[in-house]
Amino acid sequence: MSTPHYTRLVSAATAGALVLPLAGCAAAGLPGFGGEAEPTATAEAQVVAGTFAGAGASSQESAMEAWISGFQEQHPDAAVSYDPVGSGDGRESFLAGNTAFGASDVALSDEEMAASGPACDGGNAIDLPVYISPIAVAFNVEGVDQLNLSSDLIARIFTGQVTRWDDPAIVAANPEAKLPALEITPVHRSDDSGTTENFTDYLHATAPGAWPYPPDGVWPLPQGFAAEGTGGVTDTVRSTPGGITYADASRTSDLGRAAILVGDEYVPYSADAAAAVVDISPRIENRYEHDLAFALDRTIDKPFAYPMVLVSYLVVCSRYEDKAKGSFVKEFVAYVASAEGQQRAAAAAGNAAISPDVQAWIAEAAKAIYLTRDRPEEQAGG
């Protein structure tokens, strides 16, 4: 499945403008647009009690642990669990109504959005960007901590055209590195992965000659080893001399990592350089109100940016029939996007915090989540 990719906002004026309903959605008669206005959700904190589950992107695992810990400190009667099954399975579980929220490294496709009504009490799902992180090309070559690799060379490694670490193309880009006569073992994700989709989107945008395959969460080639989840691919590389993979950078600190060619310079990964790409990328048009999906600019040629980046989302409903679940989601979303929540995640995972503008925008989206059982006529027994 191919879907666009996403970013954060850069100005308060822009953020204020974008919370308005989109004309394209209103014209299409999508839920939440046109007709009689629904009651505005209260801004007061909700009482949160019960057991709640989420599932999705393994890239968010460390951040999610930090978010859940901080949230439960504030809401001791809430028990929250998260299963890092991968973006694809997380979206599927959420749309089936099995979890209170999903987490995904790509936003829902138009088809998934259209199918979200049953899980969302006749409303719709929304994507909220809460986690920005560079994707690292990580490798296990003894004595080598960093290499310069262009997207063309990365693509040829993962397609099996470049098979040894002392290949002339790698040596030419890294004349000072002591590269062994060692076979390269590419390792890719076995699950439907948002990290895979972001990685293949980057390769397809920047090296289409070497990587002709469209962006997809499912790996398109049979060669190479496969492992499940971020932990699976990074653990495989750790135990495989000559191994190489792509993964959320927060899980690769003990491996060698590549600086990628951006314009005429090699740029090592960093949270700030990843966030720079996010800041200049446009929003995807014709999405639901409060949905924050953006198209990342993979072809940026400025050396302050690192375009092999993922933006990971909380996927939640615009309305909930179950008041307890809806109250939890409202408060959890608000906490994740808060300054405290973002600081906790950055400390745990090393990701880039979302901007204050996006924090405020997501807080407004959380307030707008509608609890069906809070309808005045239902409270009055009507």
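Worth saying up front: this structure is predicted, and the values here are computed from it rather than measured.
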Visitor: Is there a side-chain contact between S193 and S87, using heavy atoms and a 4.5 Å cut-off?
Guide: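 Side-chain contact under 4.5 Å: no.
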Visitor: Does either side chain, that of Y131 or that of D248, offer a donor lying less than 3.5 Å from an acceptor on the other one?
Guide: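 Y131 vs D248: donor-acceptor pair found between side chains.
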Visitor: Would you say CD of Q146 has more than 12 non-hydrogen atoms from neighbouring residues, nucleotides or ligands within 6.0 angstrom?
Guide: yes
Visitor: Does E183, at its CD atom, have more than 12 non-hydrogen atoms belonging to other residues, nucleotides or ligands within less than 6.0 Å?
Guide: no
Visitor: With no hydrogens and no angle check, is any side-chain donor or acceptor of T206 less than 3.5 Å from a backbone partner on T299?
Guide: no
Visitor: State, to 0.1 Å, how close P303 and E265 come at their nearest heavy-atom pair, and which atoms those are.
Guide: CB-OE1, 3.6 Å
Visitor: Taking the side chain from S327 and the backbone from A324, do they hold a donor-acceptor pair closer than 3.5 Å?
Guide: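 No; zero donor-acceptor contacts below 3.5 Å.
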Visitor: Working to the nearest 0.5 Å, report the span between CZ of F332 and CZ of F71.
Guide: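 Separation between the atoms: 7.0 Å.
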Visitor: Considering non-hydrogen atoms only, spot the tightest contact between A55 and V85 and give its length.
Guide: CB-CG2, 4.1 Å
Visitor: Say whether, by atom type as modelled, one donor and one acceptor occur between the side chain of R319 and the main chain of L371 under 3.5 angstrom.
Guide: no
Visitor: Any donor-acceptor pair under 3.5 Å linking the side chain of H188 with the backbone of F225?
Guide: yes
Visitor: Check whether any side-chain heavy atom of V311 lies under 4.5 Å from a side-chain heavy atom of D105, and answer yes or no.
Guide: no
Visitor: State, without any angle test, whether E340 and S338 hold a side-chain donor-acceptor pair at a distance under 3.5 Å.
Guide: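 The criterion, which ignores hydrogens and geometry beyond distance, is not satisfied for S338 and E340.
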Visitor: Check whether any side-chain N or O of H290 sits under 3.5 Å from a backbone N or O of I126 as a donor-acceptor pair, and report yes or no.
Guide: no
Visitor: Please tell me whether I170 and Y266 are part of a single hydrophobic cluster in this structure, the criterion being side-chain heavy atoms less than 4.5 Å apart.
Guide: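 No; Y266 is not reachable from I170 via cluster members.
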Visitor: For the backbone of V262 and the side chain of Y306, can you confirm whether one donor and one acceptor N or O come within less than 3.5 Å of each other?
Guide: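 Not a single qualifying donor-acceptor pair exists.
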Visitor: Please report the closest heavy-atom contact between Q342 and V130, naming both atoms and the distance.
Guide: NE2-O, 3.1 Å
Visitor: Determine, for D235 against R251, whether the closest basic-nitrogen to carboxylate-oxygen distance falls under 4.0 angstrom.
Guide: no
Visitor: Take atom CG of D254 as the centre, draw a 6.0 Å sphere, and report whether it contains more than 12 heavy atoms from other residues, nucleotides or ligands.
Guide: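 Yes, enclosed.
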Visitor: Flag the pair W165 / F139 as yes when their ring centroid distance falls below 6.0 Å, and as no otherwise.
Guide: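 Close enough - the centres of the two rings lie under 6.0 Å apart.
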Visitor: Report yes if some heavy atom in the side chain of L255 is under 4.5 Å from a heavy atom in the side chain of R238; otherwise report no.
Guide: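 Result yes, sub-4.5 Å side-chain heavy-atom pair found.
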Visitor: Before accepting this row, confirm whether a basic side-chain N of the pair D145/R257 lies closer than 4.0 Å to the acidic partner's carboxylate O.
Guide: no
Visitor: What closest approach, in Å, do R156 and A210 show between heavy atoms, and which atom pair accounts for it?
Guide: CG-CB, 4.0 Å
Visitor: For residues V267 and A305, report the shortest heavy-atom separation together with the two atoms involved.
Guide: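 Scanning both residues completely, I find the closest heavy atoms to be CG1-O, 3.6 Å.
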Visitor: Check D297 against S281 and note the closest heavy-atom contact, atom names and distance.
Guide: N-OG, 2.9 Å
Visitor: Would you confirm whether the ring centroid of Y202 sits within less than 6.0 angstrom of the ring centroid of Y246?
Guide: no
Visitor: Using the ring centroid of each side chain, check whether F158 and F199 are separated by less than 6.0 Å.
Guide: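 Yes, close enough.
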